[in-house]
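Notes to accompany the following structure.
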Amino acid sequence: MAVAARERPLLVAGDWVETGEWQEVRSPYSGELVGRIAKAGADLARRAVDAADQAMREPLPAHRRAEILDRVAHLLAEREDEVAETICAEAGKPMKAARIEAQRAVSTYTVSAAVARTLAGEMIPMDASAAGAGKLGFTMRLPIGIVGAISPFNFPLNLVAHKIAPALAAGCAVVLKPASQTPMSALLLAELEHEAGLPAGWLNVLVGKASEIGDVLVEDERVRMITFTGSSGVGWDLRARAAQKKVTLELGNSTPVLVEADADVEDAAARLAQHAFSFAGQSCISVQRIYVRREAVDTFLGAFVPKVEALKVGDPADAETDVGPVIDAGNKERIAAWVEEAKTQGATVLAGGEEDGLLRPTVLGDVSPEMKVVCEEVFGPVCTVTPYDSLEEAFALANGTKFGLQAGIFTGSVQTALRAARELEFGGVVVNEAPTFRADQMPYGGVKASGNTKEGPPHTVREMTEERLVVLANAV
Ligand code: NAP
């Protein structure tokens, strides 16, 4: 299976625009050309903001926004093969995972349509105080304005969907800048929105130098909100530079999970073996740090390591492949160097190595909290296994990084699960499932360096709308 290399212009003001300059997209697995994308600069970015501004002057009623979102969901489902093949080709994501991403995007659009249909303010009980007696009060939820959206390479379809579908549900026009390594899925999604009847200017897609396009989004006052998913450094810097805008950040993690001795330890091992390594660990909530009650370590490793070694490493286009390449040679070198550094600091390798030029799933033991493979985000097929003797120790280890996106615990005790929910300093705590779990309607987002918001259409639409209070005097 290979997606024929194609040329993709950019969508601005409802037109497919060529700029005379092209940017290549190549397969992270084979290096083959996947596509050539028109390259935008600051001028086209400003035209895109003009188009979004123009579009928002004629608001789309909620029923039309919902109909378009439903149509996109339908088109995505109808064209699942093409969508999954595009993700696989440009990101090197195995087809198994690419199909799941395509299916999840359908649900992101379906939920966004439902939110568009039910978006409303609330009644205020004005006569609850003497000051309000005789008055009628309610709120309206109004679109915040133009949204600048910046997305990462690792979920090139569904994380774009998580920005542009809620924006349309909220009634906001968007200027989108997808990751340079994976812009094809975003442009395919734009094509589907166009086909679904989205009027000109509501979605504009720019590919090009990140800082140039980013600067326009930061500096243009008409862009009222920036929604960013990506690495912590870039995200917090954008927020600092765009002090007068709303800037919502979905950033990285070093995902911990605890395995208690009263859990179904073999079930935990099976789930974690799969979720530490799907898409070669390049998910923001890929399992990276596994903490196991000391008395359960032998049982855990006895089940975990063979399952990790059985994962099929190879061509992402092969339907049987579990683990493909990481996104580029630079990241492969960085990940291998972090593993080597951990080894020199005393870590032992329980599984790992290379196969046909790809990093094999790597499991490290005897690690310590200051090693990069523990305290930084690896974003590659590497996890660590560490024993603990008490829950206090396990919570301290899990909380001991700058990150706080999502964490997990396997336990047979409801009390322990609820204690973990309180004591793990993360945006989400998952019990008896790998913490890589995400359903698209749930509020998903981090604390500490991992972010400042929750994404998921109902929550994103709240961020993308403003509450307007209306008070009517002499109304009752
Ligand atoms: P990245 O390097 O931070 O890039 C993310 C996006 O920011 C890309 O579109 C990139 O454009 C753009 N960008 C880079 N510099 C910029 C600047 N100065 N101004 C404006 N935009 C700029 O992240 P990545 O490597 O693509 O993605 C991996 C990271 O994303 C990991 O840390 C992962 O944990 C995080 N992530 C978080 C979530 C979540 O929901 N919390 C989900 C997925 C991924 P170019 O591609 O053109 O450089």
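Order of appearance sets the numbers: ligands from 1, and atoms from 1 within every ligand. The structure displayed is predicted, hence computed values, not measured ones.
Between the side chains of Ser185 and Glu90, at least one donor N or O sits under 3.5 Å from an acceptor N or O. In this structure, a donor-acceptor pair under 3.5 Å is present between the side chains of Gln181 and Asp328.
Applying the 4.0 Å criterion to heavy atoms of Gly252 picks out, from ligand 1, the atoms 32 (O), 34 (O). Near Phe379, the atoms of ligand 1 lying under 4.0 angstrom from a non-hydrogen atom of the residue are 28 (C), 31 (C), 33 (C), 34 (O). Of all atoms in ligand 1, listed by their number and element, those nearer than 4.0 Å to a heavy atom of Val234 are 3 (O), 13 (N), 14 (C), 15 (N), 16 (C), 22 (C). In summary, the atoms of ligand 1 found under 4.0 Å from a heavy atom of Pro178, numbered by their order in the structure, are 9 (O).
The closest non-hydrogen atom to atom 10 (C) of ligand 1, taken over Lys177, Gln23, Arg438, comes from Lys177. Of the listed residues (Thr229, Leu405, Ile226), the one carrying the non-hydrogen atom nearest atom 5 (C) of ligand 1 is Thr229. Among Ala210, Ser283, Cys284, the residue whose heavy atom lies nearest to atom 14 (C) of ligand 1 is Ala210. The option from Ala186, Gly230, Ser151 that lies nearest to atom 30 (O) of ligand 1, judged by heavy atoms, is Gly230.
Among protein heavy atoms, atom 1 (P) of ligand 1 sits closest to Ser231 OG, 3.5 Å. Of all protein heavy atoms, the one lying nearest to atom 12 (C) of ligand 1 is Ile150 CG2, 3.6 Å. The protein non-hydrogen atom at the shortest distance from atom 41 (N) of ligand 1 is Leu251 O, 2.7 Å. Nearest to atom 47 (O) of ligand 1 among the protein's heavy atoms is Ser180 OG, 2.4 Å.
Between Leu238 and ligand 1, a contact under 3.5 Å exists for no N or O pair. Close N/O approach between Ser450 and ligand 1 is not found [any backbone or side-chain N/O within under 3.5 Å]. Looking at Asn253 next to ligand 1, no N or O pair under 3.5 Å apart turns up.
A salt bridge links Asp43 with Arg46: the distance from a Lys NZ or Arg NE/NH1/NH2 to an Asp or Glu carboxylate oxygen falls below 4.0 Å. In summary, Glu18 and Lys39 do not engage in a salt bridge, as defined by a charged side-chain N under 4.0 Å from a carboxylate O. For Glu191 and Arg8, the salt-bridge test passes: some basic side-chain N is under 4.0 Å from an acidic carboxylate O. Remark: Glu354 does not engage Arg360 in a salt bridge, criterion side-chain N to carboxylate O under 4.0 Å.
Geometrically, Lys93 does not engage Tyr29 in a cation-pi contact, judged by NZ or CZ lying under 6.0 Å from the ring centre and within 45° of the ring axis.
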Requested in this report: For salt bridge (Lys or Arg N to Asp or Glu O under 4.0 Å), just list the numbers for Lys372 and Glu376, CA-CA rounded to whole Å, side-chain angles, deciding distance to a tenth of an Å, and then say yes or no.
Outcome: CA-CA 5 Å; Lys372 287 200 190 89; Glu376 298 293 338; over 6 Å; no
